[in-house]
Amino acid sequence: MDIREIEAAIEGILFASGEPVPVERLAEVLGQDRQVIVDVAARLADTYASNRRGIRLIKLENSFQLCSSPELADVIRCALDARKPPQLSQTALEVLAIIAYFQPTTKAYVEQMRGIDSSYTVNSLLEKGLIEPCGKLKVPGRPTLYRTTKSFLRSFGLSSLKELPSLPDTGKSEGQLEIQNAINALMEKEEAEKPREVT
Amino acid sequence: MDIREIEAAIEGILFASGEPVPVERLAEVLGQDRQVIVDVAARLADTYASNRRGIRLIKLENSFQLCSSPELADVIRCALDARKPPQLSQTALEVLAIIAYFQPTTKAYVEQMRGIDSSYTVNSLLEKGLIEPCGKLKVPGRPTLYRTTKSFLRSFGLSSLKELPSLPDTGKSEGQLEIQNAINALMEKEEAEKPREVT
Amino acid sequence: MENPKFKLEGIVKSKGDMEDFEGPLALILLLLSKNKIEIRDVQISLILDQYLEYLDEMKKMDLEIASEFVAMASHLTYIKTKMLLSENDEEISELESLMLSLEELQRREEYPKIKFAAEFLAACRTCGEGYITKAPEPLVRDSEYGYSHKKEDLELALLSVLGREELDMRAFAKTLMMPEKITYPVSLKTEEIIKLLKNRGTVGVRELLLESRSRTEIIATFVAVLELCKMGSIIFVGTDENLSVSYAEN
């Protein structure tokens, strides 16, 4: 992978994400050194700024993010005023739905259900303040448990988790029931062993 | 506003929007001629493609949209925990083809062409955002009319419905004409024998 | 609340004393579908009369039961209408069959067009599916997440996860949210190493570790090698780069 290719890949990933992406994530996915990513990103940021392009690359702690150029704020607001609020991506909705319906739950559980690594999305939901950690599960590895936040309820027009739409029978109810029972059993066991850290 | 400034503004607006933005909207906000916008956007699209950048500017009918470069799709999906879009089944492709070619059209028409209930497939295409309702047909029952979306064009790498190739001409066969005649004869006979009960 | 019961007279044939029938409509429909009773013998007017009577009796009517009745009654009417119509209307069925065959022929002749279009789309899909779009940029940056979403979207998203074919719910329920605890007993590993060394004389330490299939097995191997060495059962041979253990004949 030459510099130009790395630059294009960083540009593409940051573009599609729209949100800050950690340097480590970029380095990992592109199979490059952390320092290489930082250097190439700095070069890209320079190109945008010195050519006075419509896009800027900004650094936030250990992450990079693409955003529109601040000088264009007025014209952009004018062009997009009447538009819909941003939608959560399908990926984000899936992860959020699993956490909302099965909370408190772990990242491993989300990944099991989706069959795909979901660290990035879980972190992005944490950053948006739609989910929050609420203790650790007392099993080897002590994975973090997550639950939805008040901000989540507000964003989805819910006054309580009880108002989540109930799921219709999907024909796989036996399997779902099994999971739910297994979760309950696990929680009870845990509850019995020691009082929960977070109420 | 010079060309470079217009280019930067188009880039910024399309970036901030994420969604397709109509040419007219860009022209209005930037106080430019429609043609100027089209030309500058084409130049910007060229720059992205020929410099093999991570971003692409695509045209969808009368709108422009920024998206990531298709060559980077795999690495971007990996970085964002996103899945590949699901493969469309042969059935889904057929239903989509009928709606694409005969739009706006109804579910009943699709079913008549395919000779089989197609509610499930129509709904799944709606969910995928590849088709959308666009009014009702003014006949009894007022069935919903469907058309393809901009997302359909993008997902199939088309910039306009005009790019769909024309269908091979099959014409009406003799067999069809023969049956049609028999039906007409039968209906005339019936009409003559007895006045219809229902008008 | 009870379901309405219906009395039907003389509809069960040649079953001795079971000539009259009494039961909920669902049962009647079930029997009809299994040809246990004759549709000809069901008088719709009789059912209607009984239903009206039932409505009178029930001052406060449960809407769900009423709609259930309407659904079943309409199904019954449908079965009966179909039977009555198909009895003596040869001409309509001839016309119908002609129209059906015309439609069928049209479909057959139009199908290559659809197939052509579907194939074209399938080819287009490969170039289009790589375009990834981004979410709109928030106009005002705010620490609080300030957008509103539909709660139904959550349900849809979960259903789409649950509906994925590759998801095996049963296997999933077993592995669940915690990693399974696999502890590899050191004693078992010790026996294995001794057996291996008795057979092969000398084995590379690296090889031993590579053969381990889990983290706990690696740990067990490591501990077992140290223990055996301390007990004088095995000795280290070879160089630092290529360390091996061999059985100590004592």
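Per chain, numbering begins at 1; letters A, B, ... match sequence-line order. The figures that follow rest on heavy atoms only: side chains count, while hydrogens, waters and symmetry mates do not. Quick caveat, the model's predicted, so the values are computed rather than measured.
Put simply, of B:S151, B:S155, B:S69, B:A82, the one with the most heavy-atom pairs under 4.5 Å next to chain C is B:S155. For the set B:Q87, B:E127, B:R56, B:Q112, the count of heavy-atom pairs under 4.5 angstrom toward chain C peaks at B:Q112. Most heavy-atom pairs under 4.5 Å with chain C, from the set B:A92, B:G157, B:A73, B:C67: that is B:C67. Note on B:R77, B:E71, B:Q90: by heavy-atom pairs under 4.5 Å with chain C, the leading option is B:R77.
Interface residue B:L158: only side-chain heavy atoms are found under 4.5 Å from chain C. For B:I58, the part lying under 4.5 angstrom from a heavy atom of chain C is the side chain only. Only the side chain of B:Q65 comes within contact range of chain C, with at least one heavy atom under 4.5 Å from a heavy atom of that chain. For a residue to count as touching a neighbouring chain, one of its non-hydrogen atoms must lie under 4.5 Å from one of that chain's; by this rule B:S166 touches chain C with the backbone only. Only the side chain of C:F120 comes within contact range of chain B, with at least one heavy atom under 4.5 Å from a heavy atom of that chain.
Between C:E155 and C:K151 there is no salt bridge, since no side-chain N of the basic residue sits under 4.0 Å from a carboxylate O of the acidic one. In summary, B:R34 and B:E24 engage in a salt bridge, as defined by a charged side-chain N under 4.0 Å from a carboxylate O.
Every residue meeting the side chain to side chain donor-acceptor pair (under 3.5 Å) condition with B:S124, not counting sequence neighbours, appears here in chain and number order: B:K128. In this structure B:F102 satisfies the ring-ring contact (aromatic ring centres under 6.0 Å, His included) test together with B:Y109, sequence neighbours excluded.
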(request) Given salt bridge (Lys or Arg N to Asp or Glu O under 4.0 Å), test C:E217 with C:K189 step by step and report yes or no. (result) CA-CA 8 Å; C:E217 194 177 343; C:K189 197 50 161 180; 3.1 Å; yes
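When side chains are defined from C-beta on, B:T106 does not count as touching B:T144, because their heavy atoms never get closer than 4.5 Å.
Geometric assessment of B:K107 against the ring of B:Y146 yields a negative cation-pi assignment under the 6.0 Å and 45° thresholds.
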